[in-house]
There are 2 protein chains.
Amino acid sequence: MNVDLENLQNHRRQFNADSNKSDEIGPRLHQLRKGRGWTLQDASKASGISASAFSKIERGELSPTISTIQRIARGFEMDVLSLLSDPDEQPTLLGRRSVTRVNEGKPHLSGNCDNQLLCADLKNKRMTPIRTRVVARDVEEYDVWPKTDAEIYMTVLSGTVVVHSKIYEPLELHEGDSMYYDASAEHVWTREGPEEAIVLWVLTS
Amino acid sequence: MNVDLENLQNHRRQFNADSNKSDEIGPRLHQLRKGRGWTLQDASKASGISASAFSKIERGELSPTISTIQRIARGFEMDVLSLLSDPDEQPTLLGRRSVTRVNEGKPHLSGNCDNQLLCADLKNKRMTPIRTRVVARDVEEYDVWPKTDAEIYMTVLSGTVVVHSKIYEPLELHEGDSMYYDASAEHVWTREGPEEAIVLWVLTS
DNA sequence: ACAAAAAATTTCCTATAGTATATTTTTTGT
DNA sequence: ACAAAAAATATACTATAGGAAATTTTTTGT
């Protein structure tokens with residue numbers, strides 16, 4: 001477990017930073033209102049913002065205050081964030097897909113583990129699936145205990161894995177066992193027993 | 001593959017809708033500025049907003065316009081959305097974790113598949129891991145082809161699965177093969193051959 | 001403890017957001 | 001094609017956002 005978590009996360013963050021580039025609420029509001037088949041007066045009634053102001057905002061003749069935006073959001077029964085984030089600008093796979101055959105993942109070696117990034121050719125995924133052969137037999141073999149704000153789902157494909165955490169007792173997982181945890185608490189994996197330990201895990205940001 | 005996708009999605013959406021309830025930019029900006037050790041003049045220089053205005057905004061004496069917020073976001077080198085979304089309010093697992101032992105998932109039967117929700121006791125996860133025994137042998141057995149805006153990662157644990165899609169040719173996946181796809185294009189699974197087919201999949205919103 | 005410096009707030013002013021009403025444009029029915 | 005109705009925009013005004021400079025508060029050094 002040492003595919004460079006930091007890097008994976010930064011990559012995603014970088015991307016998010018410049019998404020929603022044309023942060024124009026005008027067209028966004030117009031699209032939303034028309035999408036519901038509302039007139040300016042409907043929108044006005046729902047939000048408490050005058051129709052004229054609404055019209056000016058939609059056409060970019062006026063930059064609404066945040067409190068106005070909040071009132072509009074309430075009118076549309078949505079939260080400010082989703083009001084501001086245009087789904088059309090959201091990075092999406094749009095029907096794309098990627099297949100990785102057995103043992104054909106993209107190698108990504110790191111200190112204590114032998115990782116294979118799965119479906120790595122698809123960019124801007126919301127999850128990162130990885131197949132890892134756990135090498136470490138002892139916690140001492142880890143110099144750093146990785147930590148991010150991601151969530152991790154892992155399942156043991158073969159062998160026995162021990163999950164060590166700074167806030168829990170060590171936990172043994174056998175073939176077929178699953179675990180879901182928050183990577184903001186440091187966790188590392190070691191293997192146990194004679195068989196080699198293979199873990200399939202997926203992480204999100 | 002027929003764990004009620006709609007329901008899973010709606011659940012998550014519902015949750016997102018009322019996140020960020022105290023949408024007060026004032027404290028948020030104060031926290032951000034102080035976090036960087038900036039004075040009001042620093043913030044003013046970076047954003048182009050006068051220190052006095054900045055002060056008033058922080059104390060809620062003034063509701064900034066969206067264009068002001070955009071300028072502030074540029075000053076802080078972040079996008080408007082992450083400026084507005086207080087990470088402290090973000091739903092997080094905060095070190096929580098959940099384990100599911102082999103064959104101990106929460107059953108979730110549906111038309112053509114035998115699903116087990118894994119780690120189902122943890123709420124507000126960003127991913128939903130599911131273990132499914134694919135029953136259908138023919139596409140005809142599906143009355144509806146599920147479709148959402150989620151992304152799906154799946155891997156075949158045993159047997160042979162054929163992935164049918166409205167926009168791709170059918171694709172055979174064998175034990176150990178992985179696939180990542182966008183569920184906005186309809187996909188259904190059937191099994192092939194004598195062995196029973198088990199799929200492990202994870203979906204995100 | 002005091003003065004000097006730096007940071008935050010207040011004041012007063014101008015620019016612009018937002019309202020009510022009038023006008024123009026578009027849609028609908030005959 | 002025309003009139004009536006409905007929707008969108010323009011106008012004139014009020015309320016408030018935002019800037020420059022003055023004032024107060026907090027911090028720092030001696």
Side-chain angles (χ1 to χ4, degrees), chain A residues 20-89, chain B residues 20-89:
Chain A
N20 208 248
K21 23 186 72 91
S22 85
D23 25 33
E24 306 245 10
I25 351 111
R28 170 79 179 128
L29 279 181
H30 187 79
Q31 167 202 359
L32 259 165
R33 180 172 65 83
K34 285 298 184 184
R36 302 188 181 204
W38 284 8
T39 67
L40 285 170
Q41 356 289 321
D42 293 333
S44 169
K45 199 153 37 166
S47 63
I49 302 299
S50 70
S52 59
F54 213 104
S55 169
K56 289 176 199 162
I57 293 168
E58 281 190 359
R59 284 170 298 133
E61 288 199 359
L62 190 145
S63 171
T65 64
I66 186 68
S67 64
T68 298
I69 292 173
Q70 285 164 350
R71 285 206 281 164
I72 293 174
R74 275 229 310 284
F76 280 122
E77 286 181 340
M78 52 200 304
D79 63 315
V80 176
L81 263 61
S82 35
L83 183 79
L84 292 177
S85 55
D86 189 331
D88 293 354
E89 298 231 358
Chain B
N20 207 248
K21 21 185 74 91
S22 85
D23 25 33
E24 306 246 7
I25 351 111
R28 169 80 179 128
L29 279 182
H30 186 79
Q31 165 202 0
L32 260 164
R33 180 172 66 82
K34 284 297 183 184
R36 302 189 181 203
W38 285 8
T39 67
L40 285 170
Q41 355 289 320
D42 293 333
S44 168
K45 200 152 38 164
S47 63
I49 300 300
S50 71
S52 60
F54 213 103
S55 168
K56 289 173 198 163
I57 293 168
E58 281 190 359
R59 285 170 299 132
E61 288 199 359
L62 190 144
S63 171
T65 63
I66 185 69
S67 64
T68 299
I69 293 174
Q70 285 164 350
R71 285 206 281 164
I72 293 174
R74 274 230 309 284
F76 280 122
E77 287 181 340
M78 52 201 304
D79 63 314
V80 176
L81 263 61
S82 35
L83 182 79
L84 292 177
S85 55
D86 190 332
D88 293 353
E89 297 232 359

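Every chain is numbered from 1, with letters handed out A, B, ... down the list of sequences.
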Quiz item: Between A:Arg33 and A:Leu29, is there a donor-acceptor pair closer than 3.5 Å when you use the side chain of the first and the backbone of the second?
Solution: no

Self-check item: A:Arg28 side chain vs A:Leu83 backbone, donor-acceptor pair below 3.5 Å
Solution: yes

Quiz item: Just by distance, do the side chain of A:Ser85 and the backbone of A:Leu81 share a donor-acceptor pair under 3.5 Å?
Solution: yes

Practice problem: Ignoring backbone atoms, test whether B:Arg71 places a side-chain nitrogen or oxygen under 4.0 Å from the OP1 or OP2 oxygen of D:dA17. | Solution: no

Quiz item: Please give, in whole Å, the distance from C:dT21 P to A:Gln41 CD?
Solution: 14 Å

Exercise. May I ask you to say what A:Ala53 touches in the nucleic acid, namely base, sugar-phosphate or nothing, with a heavy-atom cut-off under 4.0 Å?
Key: base

Quiz prompt | Pair assignment for D:dT11, Watson-Crick or G-U wobble, requiring both distances under 3.5 Å | solution = C:dA20

Self-check item: Partner nucleotide, any strand, of D:dT30 [Watson-Crick/G-U, under 3.5 Å]
Solution: C:dA1

Quiz item: Any donor-acceptor pair under 3.5 Å between the side chain of A:Lys56 and the base of C:dT16?
Solution: no

Practice problem: Return yes if the base of D:dA6 and the side-chain atoms of A:Thr39 contain a donor-acceptor N/O pair under 3.5 Å, otherwise no. | Solution: no

Practice problem: Grab the CD1-P distance between A:Ile66 and D:dT16 for me, whole Å please. | Solution: 17 Å

Self-check item: Of B:Ser67 and B:Ser52, the one whose closest DNA chain C nucleotide lies more 5'
Solution: B:Ser52

Quiz item: Rounding to a whole Å, what distance do you find between B:Ile69:CD1 and C:dA17:P?
Solution: 13 Å

Self-check item: Atom pair distance, as rounded to whole Å: CD in A:Glu61 and P in C:dA15
Solution: 19 Å

Exercise. Could you tell me whether the side chain of A:Arg36 and the main chain of A:Phe76 form a donor-acceptor pair under 3.5 Å?
Key: yes

Quiz item: How many Å lie between CD on A:Gln70 and P on C:dA17, as a whole number?
Solution: 17 Å

Practice problem: Could you check how far CG of A:Leu40 sits from P of C:dA20, rounded to whole Å? | Solution: 15 Å

Quiz item: Counting only side-chain N and O atoms of A:Ser55, is one of them less than 4.0 Å from OP1 or OP2 of D:dT9?
Solution: yes

Quiz item: Can you tell me how far C1' of D:dA6 sits from NZ of A:Lys45, to the nearest Å?
Solution: 13 Å

Quiz item: Hey, is the side chain of B:Lys34 poking within less than 4.0 Å of OP1 or OP2 on C:dA8, counting only N and O atoms?
Solution: yes

Self-check item: D:dA20: pairing nucleotide in any strand, Watson-Crick or G-U under 3.5 angstrom
Solution: C:dT11

Self-check item: Sidechain-backbone polar pair: A:Ser63 side chain, B:Thr65 backbone, donor-acceptor under 3.5 Å
Solution: no

Quiz item: Between D:dT9 atom P and A:Phe54 atom CZ, what is the distance in whole Å?
Solution: 12 Å

Exercise. For C:dA7, take OP1 and OP2 only and decide whether either is under 4.0 Å from a side-chain N or O of B:Arg33.
Key: no

Quiz item: Which part of the nucleic acid does A:Thr65 contact within heavy-atom distance under 4.0 Å: base, sugar-phosphate only, or nothing?
Solution: sugar-phosphate

